Amino acid sequence: MKPYQPGKMGMAEGMAIVLGIAMARLLLSPVANLVNETAQLAWLSLIFFNVIPVLAFFMMTYVTETVSKSLFTACKQLLGSPGAWLIFAFYSLMFFGNGIILLRQYSEYTLFTALPRIELKVVIIWYALIVAIICCMGLETIARSGYVLLPLLAGGLIIVFVLLYPFYIIHYLSPWQGNGILHALQFGVTNAGYDMWVLSLVFLAASFQTPGTLKRAVLYSMSGGLALKLWFVFTYLMVFGISVGSEKTLPFYEMAKLVYLNQYFQRIEALLIVVWVFWGVLAIAGSIYVGLYLFGTLLNLPALRPMVPLVMVICANLAILPPDIPYVLKIDQFLTYAAGLGVYGFPTVLFILAYLSKRRKPLCAASGQ
Amino acid sequence: MLFPFIEKTVSGKNIWVRINFPRYWGEWAIFVNTFQKIKDALVYQPPKEPARFVLDETDHEGQAAIPAGAEAEQKKSVREFNALLRYSRRLAAFMEKTLSILHAGQWEKRADELQAEYQALDQQQAELNAIRLAYESYPGRNAERSVSTSLEENLNTIRELYKLPVNKDIIIRNLIIPAVHPVKAALVYTDGLVDKTLINLSVMQPLMLLGGVEQNLYAGDLVKIVMERCLPSGQVMRITSFRQIQDAINSGDSVLFFDGIGEVLAMETKGFEHRSIDRPTNEQTIRGSQNAFTEVLRVNTALVRSMLHVSDLVTEIIPVGERGRVNCAVMYIESIANPKLVAEIKRRIKGINVDVIVASGSLEHFIVDAPKNPFPQTLSTERPDRVVAHLAEGRVGILLDGNPFAHIVPISLFTLLHAADDFGLNLYYVNTLRAVRLAGAFLSMQLPALYLAICTFHQEALPTDLLLTITAARAQVPFPTIIEILLMELSFELIREGGLRIPGVLGPTIGIVGAIILGQAAVAAKLVSPIMVIIIAVTGLASYSVPDYRLSSSLRMFRFGFVILAAALGLIGIAGGFLVLVAVLCSFKSFGMPYLAPVAPKTTPVGDVVLRTPLSGMKRRPDELNPQDDYRQTPDSRPWRNQKPTGGKKP
């Protein structure tokens with residue numbers, strides 16, 4: 001695989017990429033949907049959302065360790081060129097799709113929360129412009145900007161959680177069985193593509209120091225991210241309960257809006273819009289860049305930068321197409337289901353083939369066996 | 001077969017099934033090849049660029065590519081050089097042969113043979129003269145000429161180089177050194193740059209009056225004899241090229257030519273007027289050294305050395321500029337600084353191809369990684385103690401003759417937020433000051449933009465009482481907030497710039513009075529609201545809290561950008577702009593070192609980034625510099641704590 005970003009990025013950069021892309025939906029509507037489906041057992045589904053993609057990541061890592069360091073070469077060796085093309089085209093489209101959906105959702109919710117009098121197109125173009133500039137600077141810049149700013153974002157979330165303590169109603173967390181454990185399990189398994197974006201690190205492996213760096217980055221980021229998500233869901237449930245919580249379209253914004261300590265400390269949601277923009281733009285930039293990276297690998301392109309403006313124009317246009325936000329949420333749900341193929345299908349096939357090819361390898365003649 | 005791409009192989013007892021797409025893919029080769037050709041024709045190919053310098057721990061560094069056309073030029077030069085070399089070898093062989101014939105007494109027998117060979121050599125020399133003349137007449141090559149044995153020719157070259165007699169600065173003083181065979185000589189120096197008393201007493205007098213008349217100077221090494229016996233001057237050097245001669249004369253040294261000798265003596269006779277060591281004007285401290293650099297390079301390097309008594313503190317002098325050659329000193333501690341970093345800095349300085357460099361700021365533009373980036377990429381300081389502290393960490397100091405500022409490289413953004421006496425004051429006080437500086441830097445860039453965004457788009461962020469106060473204050477102002485801000489910012493910049501240009505002590509006074517009167521009048525005339533005056537004044541003060549002037553000015557420039565973004569999209573615009581700014585900061589490097597190190601990329605913490613830890617806890621040197629010696633303290637830097645106290649009462 002061509003290292004478009006030659007370098008030796010470390011664990012912090014890896015964590016920033018994973019958290020940046022995978023945590024972006026925490027601020028959007030899927031949390032309300034999760035609460036609606038699984039009620040008090042939302043935490044159980046969240047665990048599945050995290051664990052299954054991590055397992056898929058390790059299966060893919062096994063492939064790169066046993067067959068070839070480059071996943072594209074490994075796919076070629078195991079499935080031939082059409083197979084490799086199919087897999088990379090799928091993941092590339094998924095990442096582009098994720099970027100487009102996030103672009104539309106963040107733009108739409110920006111209108112709701114901060115700029116009600118501005119045209120949607122203007123906001124989409126603004127976000128696309130920033131994403132294009134950041135993508136032009138390369139993966140290293142995206143990752144480093146991420147880990148400079150992500151602590152700020154996590155800090156913003158935690159401040160909201162803490163300031164909401166007067167509104168906590170502990171018994172909203174009961175009954176403990178929610179809508180049924182089986183249902184929560186089923187929801188967790190079918191929607192495991194929710195965090196498929198963790199696989200981005202396997203594709204970007206050439207830009208990192210060692211495979212160990214990647215593994216540590218994934219483990220730390222996914223466990224830290226899970227802790228933050230669980231805290232978010234518990235706070236959300238304790239503040240709004242199931243019936244109100246299922247109705248909200250913007251859980252984080254609604255929680256921030258609720259903060260009131262006194263007449264001098266209220267309505268902090270306006271300031272947290274900055275957090276919102278940082279996270280959204282980094283997630284979109286990360287997704288688009290990984291999509292572009294896979295696309296470049298697929299076509300063996302010599303450089304990615306000239307593609308960025310064109311890709312962003314196309315993405316912005318596609319983001320404008322859906323007529324309204326319910327339609328966008330439907331596409332988002334479809335994308336999550338489709339991502340199941342990226343979490344279950346391809347990693348499993350590649351893992352099995354890699355395992356079989358490893359077993360078939362002849363032993364060294366010098367060993368005398 | 002139903003699926004031709006599935007292959008079955010039997011190996012011993014095992015049966016293997018393999019999916020083999022690639023073999024069948026070969027049948028589609030014509031399409032693949034056509035696609036490849038179309039792609040090659042259409043797809044953008046990135047330009048070949050030399051690898052960027054990255055201060056790295058690994059050995060595989062990219063070599064600088066040879067520029068286009070240079071290879072042909074190089075080959076031509078090699079050919080010419082080989083021709084000259086062949087001629088000189090032939091000449092040497094001819095001379096040896098002549099000598100052996102003379103020794104053997106066969107001169108008469110072989111005279112014709114020698115004459116023929118001599119004529120051939122003469123002809124070859126005539127052919128090669130074109131190369132020699134072309135080389136010497138090349139612009140700037142005049143200086144590469146070697147010193148001739150003819151005094152007259154040498155003086156002619158000096159006259160040609162210095163445009164004598166039109167130019168009145170250069171003095172040629174002819175003299176005769178008394179000896180058995182008196183030696184004709186000439187002393188050349190620049191009037192005004194030399195100490196005439198020193199020349200009279202240490203050069204002219206010993207040469208003309210005190211020399212031994214009975215000596216035959218031409219019998220031995222004349223230059224050595226003069227140097228060792230006649231010249232009591234401190235520093236004397238033998239030089240052979242006009243490049244060195246010019247460097248010496250231009251820097252205030254005197255040069256002594258001898259008739260019949262292809263070497264000259266350069267004597268240190270500098271004596272030009274210069275400012276004495278003074279207190280720092282831009283980087284004043286409450287505690288710490290009160291010396292500042294001056295305009296004389298050697299005084300400045302001596303100031304550093306007087307504070308840093310380290311034997312392997314190296315001062316390399318590199319002349320910069322093709323015409324006006326200015327000495328540039330590169331200082332580093334050899335056992336600490338990363339050799340790759342030192343080599344890269346020297347490479348960049350030596351690679352400057354410009355007529356004259358006057359200011360250290362100009363030098364910076366020629367050697368930094370990204371000259372178009374508004375953020376400073378070197379630390380410019382007038383304090384020798386700051387240079388010393390950074391040299392001890394593994395950085396490199398660059399000083400330019402005639403400039404009272406030194407550059408320290410490489411640096412990060414955080415270095416620019418540190419002040420000179422950060423290690424001289426109490427830990428907690430310093431950390432408070434550093435937090436204030438950081439807040440100042442942020443406010444100087446963002447405060448007007450934040451005010452504009454919140455007043456225009458996000459009024460809900462303000463407490464109701466404050467919102468009412470602002471609304472009441474703005475009720476009679478006829479302009480939108482952005483016009484108010486731009487008016488006030490423009491006025492502030494005018495006062496700042498005017499205050500600098502007004503001569504003498506009036507400048508600051510007029511600046512302050514102007515600001516007060518202007519602010520008061522603007523509010524009274526209801527052109528701006530009182531709150532706006534407060535916002536702009538706080539922003540201005542905040543910009544002065546940033547220790548580095550260049551950083552402060554770049555933040556000031558970004559402020560205008562953020563005001564426009566805030567006017568367009570409120571906090572969303574500011575957030576987008578800030579994100580791009582962070583991305584830019586993350587992406588560029590100062591001399592190969594990431595600009596946001598040690599935060600991005602994360603390196604081993606040393607306890608001195610935004611805040612600082614106690615000095616005894618700062619065991620390591622900054623990891624991002626990759627110094628040769630990582631540690632500056634032993635694990636227990638205060639062993640006295642474990643020792644038995646001397647004196648005092650016994651328990």
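A note on names: the letters A, B, ... follow the listed sequences, proteins ahead of strands, and every chain is numbered from 1. Everything quoted here is computed from the prediction, not taken from an experiment.
Residue B/F588: no heavy atom, backbone or side chain, is found under 4.5 Å from chain A. Proximity to chain A is absent for every atom of B/A453, based on heavy atoms less than 4.5 angstrom apart. If you measure heavy-atom distances from B/I454 to chain A, the contacts under 4.5 Å come from the side chain alone. Contacts of B/L565 with chain A are made by side-chain atoms alone, with heavy-atom separations under 4.5 Å and no backbone atom involved. Both the backbone and the side chain of A/V274 come within less than 4.5 Å of a heavy atom in chain B. With a threshold of 4.5 angstrom between heavy atoms, A/Y147 approaches chain B through side-chain atoms but not through N, CA, C or O.
Smallest separation of non-hydrogen atoms from A/L115 and B/F457: CD2-CD2, 3.6 Å. Residue A/T141 comes nearest to B/A583 through the heavy atom pair CG2-O, 3.1 Å, listed as atom of the first residue, atom of the second, then distance. Residues A/I118 and B/A568 come closest through the heavy atom pair CD1-O, 3.9 Å. The two residues B/L571 and A/L271 make their nearest non-hydrogen contact at CD1-CA, 4.3 Å.
Under the side chain to side chain contact (heavy atoms under 4.5 Å, CB included) test applied with B/L579, the options A/V277, A/I134, A/I133 reduce to a single match, A/I134.
Rounding to the nearest 0.5 Å places CG of A/L299 at 5.0 Å from CZ of B/F35. The CH2 atom of A/W126 sits 10.0 Å away from the CD1 atom of B/I572 when rounded to the nearest 0.5 Å.
Scored by the side chain to side chain donor-acceptor pair (under 3.5 Å) test, A/T113 finds no partners at all (sequence neighbours excluded). Partners of A/Y109 under the side chain to side chain donor-acceptor pair (under 3.5 Å) rule, at least two apart in sequence or in another chain, are A/S29. With sequence neighbours excluded, no residue forms a side chain to side chain donor-acceptor pair (under 3.5 Å) with A/S221.
Between the A/Y127 side chain and the B/G576 main chain, no donor and acceptor come within less than 3.5 Å of each other.
You'll find the side chain of A/M137 stays beyond 4.5 Å of the side chain of B/C586, heavy atoms only.
Among B/V584, B/I574, B/L596, B/L585, the residue making the largest number of heavy-atom pairs under 4.5 Å with chain A is B/V584. If you tally non-hydrogen atom pairs under 4.5 Å between each of A/S145, A/A143, A/P116, A/A16 and chain B, the highest count goes to A/S145. Top candidate by heavy-atom pairs under 4.5 Å with chain A, chosen from B/L569, B/V599, B/V580, is B/L569.
Other residues, nucleotides and ligands contribute over 12 non-hydrogen atoms within 6.0 Å of the CZ atom of B/F560. Under a cut-off of 6.0 angstrom, the local environment of OH in A/Y355 is sparse, with at most 12 non-hydrogen atoms contributed by other residues, nucleotides or ligands.
Using a 4.5 Å heavy-atom cut-off against chain A, the contacting residues of residues 458-468 of chain B are B/H458, B/E460, B/A461, B/P463, B/T464, B/D465.
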